[in-house]
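Each chain gets a letter, A, B and so on, in the order the sequences are listed, and its residues count up from 1. Note that the coordinates shown come from a computational prediction; the quantities given were computed from them, not determined experimentally.
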Amino acid sequence: MNSHPSDDLFGAPAAVAAPQTGLLKNLNPEQYAAVTAPAEPALILAGAGSGKTRVLTTRIAWLLQTGQVSPGGVMAVTFTNKAAKEMITRLTTMLPVNVRGMWIGTFHGLCNRFLRAHWKLAGLPQGFQILDASDTVSAIKRVIKAMKLDEERYVPKQVSWFIAGAKEDGQRPGDIEAWDEQTKTQVAIYQAYEDQCAREGVVDFAELMLRSYELLRDNLALRQHYQQRFRHILVDEFQDTNKLQYAWLKMFAPPGNAGGSGQSVLAVGDDDQSIYAFRGARVGNMADFEREYRVRNVIKLEQNYRSFGNILDAANELISRNSKRLGKTLRTEAGPGEPVRVYEQASDFAEAQWLIEEAQALHRGGIARAEIAVLYRSNAQSRVIESALFNAGIPYRVYGGLRFFERKEVKDALAYLRLIENPHDDTSFLRVVNFPARGIGARTIELLQDAARSSGRSLYQSVGAVAGAAGAKLAGFANLVDSTRNLTQGLNLRKIIEEVLETSGLNEFYRNDKDGAERLENLGELINAAEAFVTQEGFGRDAVALPVDELSPGTLSDGRAEGLPAAVAQAAVTPDAETGEIISPLAAFLTHAALEAGDNQAQAGQDAIQLMTVHSAKGLEFDAVFITGLEEGLFPHENSLSDSDGLEEERRLMYVAITRARQRLYLSFCQTRMLHGQTRYNIKSRFFDELPESALKWLTPKNQGFGSGYAKEYQDAWSRGSGLKSMVGAGNRPAWNSNPQKAAWVEPPVPAAMVKKVDDEHGGLRVGKGVFHTKFGEGVLVTLEGKGQDARAQVNFGRHGLKWLALSVAKLTPID
DNA sequence: TAAAATGCGATTTTT
DNA sequence: TCGCATTTTA
């Protein structure tokens with residue numbers, strides 16, 4: 001078998017990179033056309049790996065350099081902070097430019113910036129705080145409780161989806177037509193939630209967008225101002241925009257206006273990579289944009305600089321099966337490269353063992369671990385792979401865990417900080433009123449909530465309304481908040497946080513907790529994060545209100561206003577553009593924490609194999625990619641099969657997965673998988689039928705059933721303890737395997753339950769083996785029961801589902 | 001008030 | 001199966 005990685009040369013694929021003397025050097029014709037497109041609406045269909053970010057940043061640089069626009073006239077919108085940061089970084093390497101003057105950021109970041117500048121017009125308190133997803137759910141939960149509704153029937157999380165969905169459709173409670181009881185009540189909750197948010201001075205993510213949109217919609221002067229200001233608007237990942245985001249965009253650049261007035265909107269996206277319909281993304285916005293803006297300039301970036309030919313052939317062929325496409329075919333000059341390797345395994349366990357062995361071999365062949373990605377459709381699949389990696393002692397990193405600002409201890413600390421800024425933030429109040437414990441129990445809190453409710457005041461304001469010992473304890477907490485506010489007055493951000501960690505008792509609590517070391521460390525990390533935010537990170541990009549007009553002459557290059565007392569300027573305090581009121585660094589930091597949840601945990605720095613869902617792999621690329629669990633029901637996922645839109649999105653997901661690979665791509669599936677405590681028998685994904693044979697290399701014989709041929713031999717190899725290496729031809733025994741304690745993989749990979757079932761023979765049929773049915777086609781036998789006339793079989797036919805069949809009637813033939 | 005017991009759900013996720 | 005959130009119990 002010639003699958004040994006060192007057999008192959010891993011030269012870098014052809015790249016655009018070359019000495020650059022001018023911005024436009026080394027752009028291909030399509031890229032050039034996009035970068036230098038005239039100042040009118042344009043739609044760029046940017047294929048995976050086609051240099052999209054380069055085009056976006058180069059265009060901005062070119063516009064600035066050629067004097068077509070000043071920094072203040074540029075708006076560039078992205079979905080993630082990461083993308084926004086990258087754009088800024090790359091832009092500054094191309095051109096010395098005042099980035100602060102431009103509006104580059106995420107939709108939500110820019111909305112925040114907008115609302116900070118116009119908080120009064122938007123009807124918000126100046127120091128409004130932002131609720132993250134979990135804050136939102138708990139706020140809604142409080143509303144549901146206050147309304148004395150059944151939480152079983154009105155599940156807070158679902159209600160939060162309802163509300164976010166309504167907001168993303170631009171609907172306020174009064175706009176929703178509700179006919180049934182359920183919806184009517186949800187609308188009532190929505191209304192009560194809005195009132196509560198207004199009372200507490202907080203906004204959720206969707207509110208940032210909707211509030212900005214409404215303000216522009218209802219305020220002609222403001223709208224005209226911004227329309228005149230932004231000459232060039234660039235939108236990244238346009239296929240991911242939702243209804244509200246598109247409507248928001250049109251406020252800044254109305255279709256009729258654009259073009260005629262020299263306003264230009266450059267929408268960049270890839271309909272084939274639209275994988276977020278489930279959270280409201282409307283691919284249709286691309287077609288709508290083309291129509292509504294009468295786009296004359298549709299540019300396709302189809303030249304791929306990432307992957308070799310076979311990988312692109314696979315991607316192209318697969319995605320061509322989708323009916324709803326704008327149409328695009330990736331091409332490369334890099335040559336075919338290696339074939340796409342396909343592996344079949346007996347079990348998820350075996351799949352995991354195989355892939356880590358293969359990954360280790362790649363690593364020995366000279367590929368950094370961080371350049372190897374293991375992708376899966378759903379998070380639950382990471383478990384087996386993780387444990388295999390763990391047992392083998394291979395460093396790995398799983399994406400998608402808790403992020404820094406979402407950690408309990410960090411959120412607790414932030415809650416105290418928020419109370420300093422705004423004591424009426426009931427979410428924060430409830431979060432920490434009794435943490436660390438200060439004898440304030442559930443009864444006391446209920447009394448307090450009743451008092452607050454009946455007077456329409458915040459919990460903080462109602463503390464005095466609770467009598468007796470309980471009231472005294474509450475007063476003690478309110479005092480703590482007040483005194484901490486006084487103590488920290490005028491301190492810099494680091495000192496403020498240090499003080500809060502002490503006076504709140506958080507530090508002490510974790511010092512005394514035997515498992516508190518890590519949490520203490522994170523609290524220390526919070527101080528560092530704040531420090532970094534104030535000093536380097538370009539303080540206040542989020543919270544600082546920028547002048548409504550282009551940067552005024554009295555403004556320093558970093559956005560701070562001149563003429564402030566030195567001490568104030570040093571604390572990086574920024575006055576509001578309209579009112580001159582001061583926004584504290586603390587408020588800015590809290591905003592930052594809400595809008596940017598930080599990295600998810602993991603031993604950063606270590607060279608580790610990357611594990612993630614296909615969704616989180618979007619936008620990334622790796623030398624080698626494993627797409628695992630390619631089984632019917634998993635990928636495509638069973639929940640997506642009810643309609644063709646769902647299946648097409650799954651296919652796009654697969655397309656995204658394939659196009660992550662630069663040099664080597666593995667596809668794997670297995671016959672047995674533990675899922676939710678049950679053994680499932682899956683058949684291979686239909687996507688295999690949609691890939692070109694010529695680009696594939698089946699490393700296990702195609703259509704081999706479990707227990708036969710290769711698989712049998714494979715198992716024998718396992719049980720002899722010789723592992724995979726004899727099968728896949730990996731040369732030497734890996735170092736990590738020299739430790740017998742860690743060599744858990746030597747155990748036969750077939751679960752005991754499986755072995756037992758395999759023995760359960762029935763007329764040539766075997767559980768776990770493939771069967772053929774004249775109507776349903778290929779399937780996998782899951783269960784055999786009964787004898788003679790009563791004999792029945794349960795078969796998983798993948799796309800036809802799991803079926804019980806009477807063997808006396810159904811014609812089932814075993815497949816070998 | 002904290003530990004133990006029980007119940008529930010289980011694609012995908014950024015802001 | 002397993003992680004979590006909520007409820008029960010000492």
Using the test salt bridge (Lys or Arg N to Asp or Glu O under 4.0 Å), find all partners of [X] that sit at least two apart in sequence or belong to another chain.
X	result
A/Glu409	A/Arg519
A/Lys473	none
A/Lys324	A/Asp645
A/Lys411	A/Asp132, A/Asp135

Please classify the nucleic acid contact of [X] as base, sugar-phosphate, or nothing, using heavy-atom distances under 4.0 Å.
X	answer
A/Ala597	nothing
A/Phe107	nothing
A/Asn379	sugar-phosphate
A/Asn434	sugar-phosphate

(request) In whole angstrom, give the distance that lies between atom CG of A/Asn81 and atom P of B/dT13. (result) 17 Å
Under 3.5 Å, which protein N or O atoms sit close to an N or O of nucleotides 4-7 of chain C? Give each pair with its distance.
| residue | atom | partner | partner atom | Å |
| --- | --- | --- | --- | --- |
| C/dT6 | OP1 | A/Lys141 | NZ | 2.2 |

(request) Examine distances only and state if a side-chain atom of A/Arg377 and a backbone atom of A/Leu634 form a donor-acceptor pair shorter than 3.5 Å. (result)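 Not a single qualifying donor-acceptor pair exists.
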(request) With A/Glu631 as reference, evaluate A/Arg680, A/Arg673, A/Lys684 under the salt bridge (Lys or Arg N to Asp or Glu O under 4.0 Å) test and give the passing residue. (result)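 That would be A/Arg673; it is the only one of A/Arg680, A/Arg673, A/Lys684 passing the salt bridge (Lys or Arg N to Asp or Glu O under 4.0 Å) with A/Glu631.
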(message) Tell me whether the side-chain N/O atoms of A/Arg403 come closer than 4.0 Å to OP1 or OP2 in B/dT15.
(response) yes
(request) Between A/Arg438 and A/Trp161, just flag the one whose closest nucleotide in DNA chain B comes earlier from the 5' side. (result) A/Arg438
(message) Heavy-atom nearest nucleotide on DNA chain B for A/Ile275 versus A/Thr106: which residue maps closer to 5'?
(response) A/Ile275
Heavy atoms from other residues, nucleotides or ligands near [atom1] of [X] exceed 12 (cutoff 6.0 Å):
X	atom1	value
A/Glu508	CD	no
A/Lys145	NZ	no
A/Glu151	CD	yes

(message) Measuring only between side-chain heavy atoms, which start at C-beta, is A/Arg282 closer than 4.5 Å to A/Asn242?
(response)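 Not in contact.
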(message) Ring of A/Tyr399, cation from A/Arg397 - is the NZ or CZ under 6.0 Å from the centre and inside 45° of the axis?
(response) yes
(request) Kindly confirm or rule out a cation-pi arrangement of A/Arg116 over A/Phe128, judged by NZ or CZ under 6.0 Å from the six-membered ring centre and within 45° of its axis? (result)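 Here A/Arg116 passes the 6.0 Å and 45° test against A/Phe128.
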Can you list the residues that meet the ring pair (Phe, Tyr, Trp, His ring centres under 6.0 Å) rule with [X], with sequence neighbours excluded?
X	result
A/Phe635	A/Phe687
A/Tyr276	A/Phe278, A/His615
A/Phe435	A/Phe509

(request) Apply side chain to side chain donor-acceptor pair (under 3.5 Å) to the pair A/Glu86 and A/Thr89, showing each step before the final yes or no. (result) CA-CA 5 Å; A/Glu86 170 149 18; A/Thr89 313; over 6 Å; no
(request) Runs of at least three consecutive Watson-Crick or G-U pairs, both distances under 3.5 Å, are what I'm after; which ones involve DNA chain B? (result) B:1-10 with C:1-10
Between the protein and nucleotides 8-10 of chain C, list every N/O to N/O distance that falls short of 3.5 Å.
none

(request) Measure from the ring centre of A/Phe278 to the centre of the six-membered ring in the base of B/dT12, then say whether that distance is under 5.5 Å and the planes meet at under 30°. (result)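 Stacking is present between B/dT12 and A/Phe278, given that their ring centres fall under 5.5 Å apart and the planes under 30°.
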Polar pairs (N or O, both sides) under 3.5 Å between protein and nucleotides 5-10 of chain B?
| residue | atom | partner | partner atom | Å |
| --- | --- | --- | --- | --- |
| B/dA10 | N3 | A/His676 | ND1 | 2.9 |

(request) Identify, residue by residue, the members of residues 610-620 of chain A with a heavy atom below 4.0 Å from DNA chain B, and return them in order of residue number, or none. (result)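 Residues of residues 610-620 of chain A that come under 4.0 Å of DNA chain B are, in numerical order, A/Thr613, A/His615, A/Ser616.
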